[in-house]
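All remarks here apply to the structure that follows.
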Amino acid sequence: MISTVYAITLVGIGLVMAVFYFVIINSKKTEADYQSITKKWYDVRSKWFIFLLILGTIVTFASLNPFPIPDQHKEYSSNDYQIVAVNGHQWYWTMTPATVKSGQPVEFQVSAADVNHGFGIYDENLVLIAQTQAMPGYTNKLIHTFDKPGKFKILCLEYCGLAHHVMITELTVE
Ligand code: CUA
């Protein structure tokens, strides 16, 4: 039994040595032998990079069109837009006016009096339909067109202190 194990072990070692010997004998290639392979795969890598670049650009444009954030520097005319001034406070909203019409775009001018808040507009089922940050010292413009009348909830989307969860108000769309 022991001699059988010895025999198997010796044969195994012999096989491993044979493989090593084969590799050593056949590893006399010089760097020049690899140049064609290297060049080929560098070419593949360059083409793959360009492909990914083009694909990424197309996907980016397709998925960000229309761009979800309106032009922040544009003056939105009050002839075309209903303008609503929004201010976040610890812990309530002021919103003037609190009633808008459906079918015509609304420009929310969102700011904050103290700390950062999150202005989130939710429909009757509490599905978030539009949002922007309410930041002290900045006015963020949020454009949204309501397609039907209803009562919408404004909730704070940014933790802003003890009573963050009660920062709720209502927007009426006629
Ligand atoms: Cu305001 Cu949270």
Side-chain angles (χ1 to χ4, degrees), residues 34-35 37-174:
Y34 293 106
Q35 266 174 5
I37 300 169
T38 311
K39 189 181 174 317
K40 180 187 160 198
W41 287 101
Y42 272 129
D43 286 351
V44 169
R45 191 170 70 173
S46 313
K47 289 195 181 104
W48 180 241
F49 173 75
I50 291 166
F51 170 74
L52 287 181
L53 193 70
I54 293 170
L55 182 72
T57 307
I58 292 169
V59 168
T60 302
F61 274 95
S63 57
L64 286 179
N65 193 14
F67 195 63
I69 300 168
D71 184 350
Q72 296 294 308
H73 301 291
K74 186 175 157 189
E75 287 297 327
Y76 294 90
S77 157
S78 56
N79 295 329
D80 304 324
Y81 293 85
Q82 310 174 72
I83 294 172
V84 175
V86 179
N87 224 335
H89 305 253
Q90 285 171 311
W91 292 277
Y92 60 95
W93 295 104
T94 56
M95 190 166 59
T96 324
T99 301
V100 294
K101 293 193 292 282
S102 62
Q104 190 194 357
V106 182
E107 182 206 353
F108 294 94
Q109 299 175 342
V110 182
S111 191
D114 34 43
V115 299
N116 268 30
H117 301 274
F119 177 74
I121 307 172
Y122 291 77
D123 70 7
E124 288 94 336
N125 303 315
L126 287 182
V127 173
L128 181 65
I129 58 167
Q131 64 90 22
T132 190
Q133 283 276 303
M135 301 153 76
Y138 290 90
T139 300
N140 288 324
K141 297 174 179 176
L142 173 68
I143 310 277
H144 185 76
T145 306
F146 295 89
D147 51 14
K148 56 179 193 298
K151 299 269 188 210
F152 292 78
K153 284 246 181 315
I154 309 300
L155 305 186
C156 185
L157 278 175
E158 176 98 32
Y159 182 70
C160 54
L162 269 185
H164 155 74
H165 60 285
V166 301
M167 264 186 84
I168 301 170
T169 191
E170 198 170 77
L171 174 75
T172 304
V173 178
E174 293 178 338

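Indexing begins at 1, ligand by ligand and atom by atom, following the structure's order. Here the structure is a predicted model, which means the values were calculated and not measured.
Met167 lies close to atom 1 (Cu) of ligand 1, since one of its N, O or S atoms is found at a distance under 2.8 Å.
Distances from atom 2 (Cu) of ligand 1 to each N, O or S atom of Glu158 single out O as the nearest. His117 contributes atom ND1 as its closest N/O/S atom to atom 1 (Cu) of ligand 1.
Listed for the His164 side chain is a donor-acceptor partner under 3.5 Å among the backbone atoms of Glu158. Although no hydrogens or angles enter the test, the distance criterion places no donor-acceptor pair under 3.5 Å between the side chain of Asn140 and the main chain of Thr132.
In this pair, Phe119 and Phe108 present their aromatic rings tilted. The plane angle is within the 30 to 60° band. The aromatic rings of His144 and Phe146 sit perpendicular to each other, their planes meeting at more than 60°, with 30° as the lower class boundary.
Vertex atom 2 (Cu) of ligand 1; arms to Cys156 SG and His164 ND1; angle rounded to 10 degrees, 120°.
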